[in-house]
Chemist: 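Handing you this structure, nothing more for now.
This structure is a prediction, so every number in the text was calculated from the model and none was measured. Lettering follows sequence order; numbering is per chain, from 1. When reading the values below, keep in mind they use all heavy atoms of this one structure, side chains included, and skip hydrogens, waters and symmetry mates.
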Amino acid sequence: MTVKVKFFSLIREAVETEELTLDFAEEISTVTGLKSLLGERGEAWVEALSHPNLIQAVNQRVVFQEEAINDGDEVAFFPPMTGG
Amino acid sequence: MTVKVKFFSLIREAVETEELTLDFAEEISTVTGLKSLLGERGEAWVEALSHPNLIQAVNQRVVFQEEAINDGDEVAFFPPMTGG
Amino acid sequence: MSVTVTDKDISPGDLATAFYASNPHGAVTTFAGFVRDFNAQGDVETLHLECYVEMAERVLNDLGAEARRRFDLKSWQIVHRFGSLSSEKPIVFVATSADHRAEAFSACEFVMDTLKTDAPFWKREDSEGDGQWVTVAARDIDRRQRWDTKDPVS
Amino acid sequence: MSVTVTDKDISPGDLATAFYASNPHGAVTTFAGFVRDFNAQGDVETLHLECYVEMAERVLNDLGAEARRRFDLKSWQIVHRFGSLSSEKPIVFVATSADHRAEAFSACEFVMDTLKTDAPFWKREDSEGDGQWVTVAARDIDRRQRWDTKDPVS
């Protein structure tokens with residue numbers, strides 16, 4: 001399955017990555033599964049993705065981390081928003 | 001003493017008067033006294049000045065009808081305001 | 001920090017533009033009130049606003065000063081039209097500027113709620129050969145009164 | 001009924017003027033937020049706003065639609081800047097139009113309070129060679145939460 005992953009703000013800085021397109025054999029069923037997979041990239045990734053205030057979005061909507069992921073989805077990780 | 005008196009909206013229409021400058025010998029001490037004096041002008045005046053929601057202002061400030069009037073003051077009578 | 005009471009047409013867009021230009025700082029809230037579209041209300045042709053001009057200027061200046069003190073405003077402006085207005089014409093423009101949006105919003109709403117019942121304007125709806133004075137809406141009295149008891153910002 | 005998310009400068013005066021022109025009806029509230037004057041804060045030179053553009057457009061469109069439904073709006077507009085902004089530049093413009101001012105005010109404040117915490121923008125204060133991410137203010141979280149329980153207009 002293919003998943004696009006985006007990172008913003010201090011999460012982006014921590015993993016030094018803006019965007020990834022993953023095409024993996026394993027079936028990843030949830031955001032939590034995706035986080036585990038990304039954690040294999042190193043300690044910085046594990047730390048960033050276990051940030052206590054981490055927010056995740058699937059297809060531009062904020063979701064809980066048990067949210068299902070499907071082929072073609074766009075997932076994003078970021079800290080609390082500070083717009084306006 | 002000299003007092004300028006103004007009337008607005010339906011009070012103005014009822015007494016058919018926009019503005020009066022009164023120069024009278026009697027000493028009028030309060031707004032109530034002025035209303036009594038104006039009431040001598042006829043029934044339309046008595047009625048208009050006993051309107052249940054009548055508001056009175058002295059020198060451009062809303063006051064109770066016991067408010068004192070002094071020489072040179074500007075007094076106004078009008079119904080509830082509907083601006084904005 | 002200014003009050004304008006005028007029988008000339010006002011332009012809320014120009015007023016907002018000028019206010020932003022002189023106060024490019026923090027939070028700015030504006031309110032503009034327009035004459036309703038009379039078409040829905042039958043034969044009303046014109047809204048006439050009678051005004052006790054000297055008192056209106058005094059009341060609005062006092063109101064702006066109170067809003068500034070109560071909500072810690074950086075700046076404020078109140079513009080109110082009187083005279084005859086056709087459908088969709090602007091009647092009133094209020095702008096408030098503060099460090100934070102809570103104060104700017106509350107101050108602007110406080111000014112509008114208060115001027116509705118405390119500034120000496122009287123609305124009359126004119127149709128052909130006939131005029132009807134507008135009476136005070138109960139909701140306007142309620143909205144005015146809540147500022148007597150409420151905390152400055154809530 | 002429009003959302004604009006842009007890295008170009010915005011002009012709240014022009015936006016207000018255009019909104020008034022297309023909605024000369026009833027009550028219009030606007031809010032404009034500007035970058036604070038950095039001089040008081042030492043060596044901050046620029047405010048940088050990072051944005052997840054596709055999500056911001058979706059969130060703001062949903063927010064405008066919710067405000068319209070909840071406050072019976074006639075019209076609304078949300079414009080939000082991202083990228084680098086110097087002191088006093090406008091960041092955000094919101095306009096709401098309704099039959100009555102209570103709804104216009106509440107809707108505009110609801111949109112601002114909600115987009116602060118729900119729209120994917122992240123502020124960073126940049127000084128020479130250094131950047132500091134802005135953290136969420138407790139008052140912004142409080143102001144967001146009151147809309148979860150409050151009546152539409154109070």
Side-chain angles (χ1 to χ4, degrees), chain B residues 1-22 28 30-32 34-35 38 44-84, chain C residues 3 5 31-36 47-63 78-83 85 90-94 108-126 130-141 143-144:
Chain B
M1 65 192 279
T2 302
V3 174
K4 188 190 277 187
V5 191
K6 288 168 172 264
F7 306 91
F8 294 95
S9 181
L10 49 82
I11 305 299
R12 171 182 56 72
E13 290 180 340
V15 301
E16 296 181 326
T17 305
E18 278 186 29
E19 188 174 320
L20 282 175
T21 302
L22 299 177
I28 299 296
T30 66
V31 175
T32 301
L34 176 64
K35 284 166 70 172
L38 290 168
W45 292 73
V46 172
E47 209 171 285
L49 296 175
S50 54
H51 191 288
N53 295 322
L54 185 77
I55 297 174
Q56 49 271 320
V58 173
N59 297 334
Q60 294 107 42
R61 292 193 195 281
V62 170
V63 297
F64 294 108
Q65 61 181 5
E66 295 77 25
E67 181 79 8
I69 296 181
N70 296 300
D71 185 41
D73 280 353
E74 177 175 297
V75 182
F77 295 101
F78 44 79
M81 298 164 267
T82 54
Chain C
V3 165
V5 175
F31 179 84
F34 298 82
V35 179
R36 302 280 187 76
L47 185 73
H48 186 80
L49 269 152
E50 186 165 331
C51 178
Y52 181 3
V53 177
E54 304 86 336
M55 181 170 163
E57 289 174 344
R58 169 172 281 196
V59 166
L60 296 178
N61 268 302
D62 289 351
L63 179 54
I78 305 172
V79 180
H80 205 302
R81 182 81 155 72
F82 66 97
L85 291 104
I91 302 173
V92 61
F93 175 82
V94 174
C108 196
E109 207 165 0
F110 165 71
V111 168
M112 279 306 305
D113 287 347
T114 306
L115 75 76
K116 277 259 168 186
T117 57
D118 291 18
F121 295 89
W122 299 271
K123 289 198 185 90
R124 193 184 64 218
E125 293 174 351
D126 291 348
D130 192 37
Q132 182 73 41
W133 292 102
V134 173
T135 52
V136 180
R139 64 186 277 162
D140 285 336
I141 294 170
R143 289 181 64 82
R144 169 66 182 88

Chemist: In terms of the angle between their ring planes, are C:Trp122 and B:Phe8 parallel, tilted or perpendicular, with boundaries placed at 30° and 60°?
Modeler: parallel
Chemist: Measure the spacing between OG1 of C:Thr135 and NZ of C:Lys123 and express it to the nearest 0.5 Å.
Modeler: 11.0 Å
Chemist: Does the C:Glu50 side chain pair with the main chain of B:Ser9, one donor and one acceptor, at a distance under 3.5 Å?
Modeler: yes
Chemist: Under a 4.5 Å heavy-atom cut-off, does chain B meet the side chain of C:Asp118, its backbone, both or neither?
Modeler: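 Looking at C:Asp118, just its backbone touches chain B.
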Chemist: Contact part of C:Glu54 toward chain B, heavy-atom cut-off under 4.5 Å: side chain, backbone, both or neither?
Modeler: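 Both backbone and side chain of C:Glu54 come within 4.5 Å of chain B.
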Chemist: How about B:Ile11 and B:Pro79: do any of their side-chain heavy atoms sit closer than 4.5 Å?
Modeler: yes
Chemist: Sort out for me which of C:Leu49, C:Asp140, C:Ile91, C:Val136 touches chain B most, counting heavy-atom pairs under 4.5 Å.
Modeler: C:Val136
Chemist: Under 4.5 Å from any heavy atom of chain B, what part of C:Arg81 do you find: side chain, backbone, both or neither?
Modeler: neither
Chemist: Once you round to the nearest 0.5 Å, how far does CG of B:Leu34 lie from CD1 of B:Ile69?
Modeler: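 Between atom CG of B:Leu34 and atom CD1 of B:Ile69 there are 4.5 Å.
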Chemist: Of all of C:His80, C:Glu57, C:Arg124, C:His48, which one pairs up most often with chain B through heavy atoms under 4.5 Å apart?
Modeler: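 When all of C:His80, C:Glu57, C:Arg124, C:His48 are compared, C:His80 has the most.
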